[in-house]
2 protein chains.
Amino acid sequence: MAAASEDALRRSLAERQAAVDAQAEAVRALKAGGGASKADVDAAVEALKALKVEAGAAARRLQQAVGAGAGGAAREELRQAVVNTLERKLFYIPSFKIYRGVAGLYDYGPPGCRVKANVLSFWRQHFVLEENMLEVDCPCVTPEVVLKASGHVEKFTDLMVKDEKTGTCYRADHLLKDFCKEKLEKDLALPQEKADEFKRILAILDDLSAEELGAKIKEYDIVAPDTKNPLSDPYPFNLMFQTSIGPTGLSVGYMRPETAQGIFVNFKDLYYYNGQKLPFAAAQIGQAFRNEISPRQGLLRVREFTLAEIEHFVDPEDKSHPKFVDVADLEFLMFPRELQLSGESAKLLKLGEAVAKGTVNNETLGYFIGRVYLFLTCLGIDKGRLRFRQHLPNEMAHYAADCWDAEIECSYGWIECVGIADRSAYDLKAHSEKSGVPLVAHEKFSKPREVEKLVIVPSKKDLGLAFKGNQKMVLEALEAMSEKEAFEMKAELETKGETNFKVCTLGKDVVITKKMVSISMEKKLEHQRVFTPSVIEPSFGIGRIIYCLFEHSFCTRPSKSEEEQLNVFRFPPLVAPIKCTVFPLVKNQEFDAAAKEIAKALTTAGISHIIDTTAISIGRRYARTDEIGVPFAVTVDSATNVTIRERDSKEQIRVDINEVASVVKQLTEGQSTWADVSAKYPAHVGPQGDQE
Amino acid sequence: MAAASEDALRRSLAERQAAVDAQAEAVRALKAGGGASKADVDAAVEALKALKVEAGAAARRLQQAVGAGAGGAAREELRQAVVNTLERKLFYIPSFKIYRGVAGLYDYGPPGCRVKANVLSFWRQHFVLEENMLEVDCPCVTPEVVLKASGHVEKFTDLMVKDEKTGTCYRADHLLKDFCKEKLEKDLALPQEKADEFKRILAILDDLSAEELGAKIKEYDIVAPDTKNPLSDPYPFNLMFQTSIGPTGLSVGYMRPETAQGIFVNFKDLYYYNGQKLPFAAAQIGQAFRNEISPRQGLLRVREFTLAEIEHFVDPEDKSHPKFVDVADLEFLMFPRELQLSGESAKLLKLGEAVAKGTVNNETLGYFIGRVYLFLTCLGIDKGRLRFRQHLPNEMAHYAADCWDAEIECSYGWIECVGIADRSAYDLKAHSEKSGVPLVAHEKFSKPREVEKLVIVPSKKDLGLAFKGNQKMVLEALEAMSEKEAFEMKAELETKGETNFKVCTLGKDVVITKKMVSISMEKKLEHQRVFTPSVIEPSFGIGRIIYCLFEHSFCTRPSKSEEEQLNVFRFPPLVAPIKCTVFPLVKNQEFDAAAKEIAKALTTAGISHIIDTTAISIGRRYARTDEIGVPFAVTVDSATNVTIRERDSKEQIRVDINEVASVVKQLTEGQSTWADVSAKYPAHVGPQGDQE
């Protein structure tokens with residue numbers, strides 16, 4: 001696309017963003033003023049939403065224009081190579097394969113399962129232990145009331161259409177997306193006007209309502225892809241797996257769609273457990289479920305997955321973080337809203353500056369962004385293919401203060417793997433309201449504070465005489481007045497003795513006289529502040545992180561004879577499913593005995609390992625061990641000292657048999673690097689053949 | 001109960017057991033002979049089942065007579081004390097408490113969650129790493145076909161009755177049990193005859209059919225306990241949580257009731273992954289679900305729980321185990337079938353002898369019994385309250401070769417916490433049949449073996465001419481003959497030229513002539529043996545083990561002033577949720593700085609810990625840390641050296657501040673005992689008050 005056209009997109013975006021800002025200011029003013037009716041505010045909010053959708057669409061048009069093209073085939077090829085190796089080596093297995101499987105369900109096979117256990121164990125160390133978080137473990141089966149409060153029963157849906165004859169279901173947006181993409185790619189005679197229309201639809205796809213989607217499907221005569229039958233109108237399908245708790249069939253339950261709710265409902269107990277002090281964080285690792293309409297994207301979009309979530313509770317008036325200094329100097333790819341809206345790419349930014357400038361809303365949010373960055377890069381995620389992208393206004397829930405996604409680039413594009421959101425007080429307030437149990441924190445003042453409070457005391461007797469059956473509605477309306485309204489009324493009553501007062505619930509004005517209500521400001525002593533904490537939520541899709549890690553760790557290198565390409569997973573020792581293999585060079589009793597002795601020492605040291613005694617060449621055996629990412633291989637070619645080979649450099653050192661376990665332990669636990677041990681032990685450049 | 005009456009029960013049992021043995025022998029003979037009809041065999045098997053039920057009932061009557069009475073109130077009191085401490089300290093939290101909870105669902109709060117993580121991590125080390133098991137991780141959502149093959153859709157049920165007016169559901173056996181117990185306990189005028197009847201019912205409760213249960217409920221006029229309304233007839237309620245996979249509503253799924261099936265369906269891949277070698281074991285840790293009709297027994301009977309299961313696949317012709325010698329000398333409480341049937345108690349037996357004598361069916365089963373014993377006692381389960389109980393004939397599935405339960409005694413009685421079963425080839429065969437994928441192993445012969453095989457070749461032409469439409473049934477019956485039947489027929493045909501032949505599917509005899517079938521033994525060369533492996537399955541109820549561990553670790557001791565009882569969990573360091581607390585003796589900058597330095601060193605060493613800087617007495621702080629089972633407490637009373645206190649002995653040593661982390665690490669990881677470090681470092685008998 002020409003630069004001129006990019007400029008046009010940029011200008012269009014800037015205009016739309018300005019319109020959003022102006023409207024947002026207008027909404028704030030309306031709400032703060034207190035004089036506007038609910039209908040007026042609602043209308044303004046709706047207008048704001050529409051403007052945000054427009055701005056978001058413009059931003060995506062620009063991003064597509066900038067980032068389009070290039071590398072699609074190569075990506076596809078890489079993915080095939082990785083996925084083939086993963087399935088052949090049983091990192092993953094399509095679940096229930098002998099019964100032809102179930103879409104969106106995968107098993108972790110032996111090496112995959114170990115990688116997952118290593119990632120979770122590091123997560124616990126890096127977050128839970130380091131920050132003294134309160135870890136909890138709640139059930140997957142969740143009663144309906146909890147998920148009604150959280151909004152999932154109403155809103156956790158995708159739009160679906162049905163083949164009107166066979167009943168086969170499709171995601172409505174997928175069908176429209178496929179249609180537009182195919183037209184753009186294959187219809188060479190497509191007029192420019194039409195092409196622009198399809199591009200625009202692709203950009204705003206996520207924001208289309210059921211009606212809009214349905215209208216487009218009708219307009220383009222989109223039919224069921226398998227049968228060409230007509231399709232139903234789109235309707236929302238709830239993505240939770242539903243079940244029934246107990247035998248009566250009356251108690252609806254769901255398999256949790258996230259682990260967070262288990263923490264929120266326990267807030268009160270956890271707050272007391274923590275000595276009624278803020279901030280503190282709770283954490284949970286567990287299964288979550290999402291009954292996808294038709295899962296795509298292989299291992300990235302599945303129906304059951306492991307989440308690791310943190311809910312960090314903090315005083316909304318103080319979101320500073322004492323350890324922020326530890327991460328302030330980190331510099332990595334960030335993609336703030338402004339860069340997205342101006343069509344630029346992610347930029348290397350210093351975290352400390354991003355927080356200081358207000359790009360990141362607060363220190364605590366910034367601290368977690370930094371910690372997530374360290375977590376992912378320690379696992380082996382490539383820094384160049386990791387960015388932190390800020391949510392655009394239209395992506396963010398209305399209550400959220402700020403949201404950043406850790407996105408990792410893989411063959412499917414940039415994938416959201418960790419969400420880090422400042423959700424303000426939304427979740428705790430929702431459960432307080434629904435359960436009637438106040439989920440609040442207290443700040444005890446060192447000495448009581450004098451505060452002025454508005455006191456409105458309606459006179460029931462006089463209201464009753466004047467309004468009879470409507471008394472209650474008038475009384476409630478009076479009590480609900482804002483400070484501004486109350487003082488305007490007080491002034492009127494004092495000057496005129498009476499005033500007109502609009503009672504929304506009655507749909508009319510009534511006349512209020514002086515004796516019906518007393519309005520005053522009173523001074524009170526307060527001993528504590530009671531407030532709903534804000535929550536900052538880093539939420540990790542463990543399966544997605546692991547899949548991206550597999551792609552980032554994968555590489556191929558030629559065999560020694562250069563006749564074939566060998567696959568290698570360059571996992572850091574922390575992640576590697578097996579830390580060490582042991583090979584007797586040739587089959588004899590002496591070497592076997594030495595190998596067993598080494599294996600025993602490795603077991604005692606807690607190092608996972610395998611012995612490979614198959615009678616194939618040592619080069620083949622190295623290749624086999626490289627393919628599942630084992631970082632170190634011990635070759636027993638003598639009964640007294642042996643070689644240790646490092647996977648990536650293929651270098652070898654010679655080590656006394658009694659020292660092997662401790663050297664491997666140091667290497668895998670990070671006390672020594674390969675450079676350290678290479679300096680200490682003699683290099684081995686022997687007759688052992690490497691990759692043949 | 002008088003000894004004479006016990007003797008009578010013993011005699012009655014012996015007689016019944018003899019009858020079982022005789023009938024079992026008869027069934028074997030019938031099956032081996034091959035001459036008996038299916039109906040005859042079925043009838044004999046039914047008779048055997050009935051005899052087993054009788055024998056089981058007799059055994060339980062005797063056990064109750066021997067073990068009855070004593071300690072009920074004390075147990076109840078202990079349980080209350082333990083459960084109160086557990087809930088107060090958030091080891092457990094009733095799930096969704098602010099919404100008044102859901103029966104049978106519990107959260108692990110912070111210390112409980114850590115205990116669970118410690119137990120699972122030790123399980124991985126003790127079983128998976130030590131034996132090089134193949135760990136897998138499969139989804140909870142399971143399609144119906146898998147659970148039909150395993151038998152869960154048909155048989156995973158409890159019998160339920162409904163209040164006919166309100167629809168409230170009850171477990172039928174619970175109501176009958178409660179009725180009988182109450183009569184026995186409270187009806188002082190109960191005639192002996194009736195008392196015996198109620199006791200007999202309690203003994204055979206588990207074996208009653210729906211009809212028998214229904215008849216008893218009618219006979220005793222048992223009504224709904226809450227409303228006194230009449231009850232429905234008992235009917236089976238499936239205990240799996242049902243759901244629907246995908247949006248169509250047509251694909252039934254269940255939340256898995258165990259993790260084992262995920263391993264069985266992957267057998268083929270795992271066998272190839274293991275280089276097509278037997279034996280090998282696969283393992284899985286994960287959630288399992290059981291939609292209890294009305295959960296009782298608090299934390300022991302829940303609707304969602306963590307299982308850790310091992311499936312060890314072995315050649316049915318060789319169940320020896322190379323590492324059995326490592327556990328053969330272990331001696332612990334075993335409760336073989338014979339002791340149960342003769343009304344004796346569990347006895348200390350040497351595992352090696354139990355296997356040698358055939359009490360335990362085979363070495364591999366014995367090996368796992370030994371490893372489970374080591375696992376549980378390392379966690380802190382009291383050896384005196386742990387026994388391995390063999391299943392009685394009527395408890396065991398017909399296909400199982402032998403089953404032993406690790407039972408732990410707690411306030412609820414002896415609780416099955418680990419099941420260790422030799423399930424023979426049942427599971428793999430069931431999935432082979434249903435899926436059509438052969439789940440078998442191969443033994444390649446070093447040189448081909450000559451084997452004689454029965455070859456039956458029916459002549460389709462002649463059968464067709466003789467039997468027309470019935471040809472297929474006759475043909476199949478001929479091919480299905482056993483070796484014995486075939487050779488009898490061959491003899492008859494050779495002497496008489498024809499013979500009568502019963503075709504069950506036709507329900508009549510037909511005449512077979514010589515030209516209709518050729519029967520011979522042929523010599524063939526076989527290169528391998530193809531067989532379905534046996535599976536030995538140790539299955540761990542992690543939640544139950546943890547609960548029993550809590551009871552076994554709990555004790556109380558008087559405070560220093562002896563005014564109150566203090567609670568202590570004497571967890572071994574392996575299990576303790578937090579390994580170490582750090583207390584500055586008094587609040588000052590110097591001590592705080594030292595405490596922080598120690599905390600940092602502990603974090604680096606990977607030791608979980610907390611700092612307690614609350615301004616309460618050191619004795620109170622020790623009591624608080626004892627109550628969550630922290631084994632070591634560091635008190636900072638100087639900036640250079642500090643004290644370390646051991647929880648159970650309350651002894652203290654004085655250690656240089658720089659050594660604290662390494663000493664605590666040695667103690668918690670088992671390299672040093674308290675005795676070791678006490679010998680090395682000076683004892684501290686200072687002014688610090690212990691429990692005040």
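Letters A, B, ... are given to chains in the order of the sequence lines, protein chains preceding strands, and every chain is numbered from 1.
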In terms of heavy-atom pairs under 4.5 Å, which option from [options] contacts chain B the most?
options	result
A:R114, A:M255, A:Q287, A:Q125	A:M255
A:Q284, A:K434, A:M133	A:K434
A:G246, A:G275, A:C138, A:G262	A:G246
A:L239, A:I245, A:V302	A:I245
A:V437, A:N291, A:T306	A:N291

Close side-chain approach of B:P143 to A:Y99, heavy-atom, < 4.5 Å:
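Not in contact.
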Using a 4.5 Å cut-off on heavy atoms from C-beta on, say whether the side chain of B:F96 contacts that of A:P139.
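With C-beta onward as the side chain, the pair touches.
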Contact origin within [X] toward chain B - heavy atom pairs under 4.5 Å:
X	answer
A:K116	side chain
A:I93	side chain
A:R303	side chain
A:I285	neither
A:V141	both
A:F241	both
A:T614	neither
A:Y106	backbone

Where do A:C169 and B:T248 come nearest, in terms of heavy atoms and distance?
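Of all heavy-atom pairs spanning A:C169 and B:T248, the closest is SG-CG2, 3.8 Å.
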A:H431 versus B:I98, closest heavy-atom pair with distance:
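Closest pair (atom of A:H431, atom of B:I98, distance): CB-CD1, 4.2 Å.
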For a side chain to side chain contact (heavy atoms under 4.5 Å, CB included) with A:P110, tell me which candidate from B:D269, B:N266, B:V128, B:L270 qualifies.
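Running side chain to side chain contact (heavy atoms under 4.5 Å, CB included) over B:D269, B:N266, B:V128, B:L270 with A:P110 returns exactly one hit, B:L270.
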Name the residue from A:L134, A:D137, A:V136 that meets the side chain to side chain contact (heavy atoms under 4.5 Å, CB included) definition with B:C113.
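Between B:C113 and the candidates, side chain to side chain contact (heavy atoms under 4.5 Å, CB included) is satisfied uniquely by A:D137.
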Applying side-chain contact (heavy atoms from CB on, under 4.5 Å), can you list everything that pairs with A:S244, at least two apart in sequence or on another chain?
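Here no residue qualifies.
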Largest heavy-atom contact set with chain A, pairs under 4.5 Å, which of B:R100, B:K89, B:Q261:
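Highest number of pairs under 4.5 Å: B:K89.
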Please state whether the side chain, the backbone, both or neither of [X] comes within less than 4.5 Å of a heavy atom of chain A.
X	value
B:R88	neither
B:V265	both
B:P295	neither

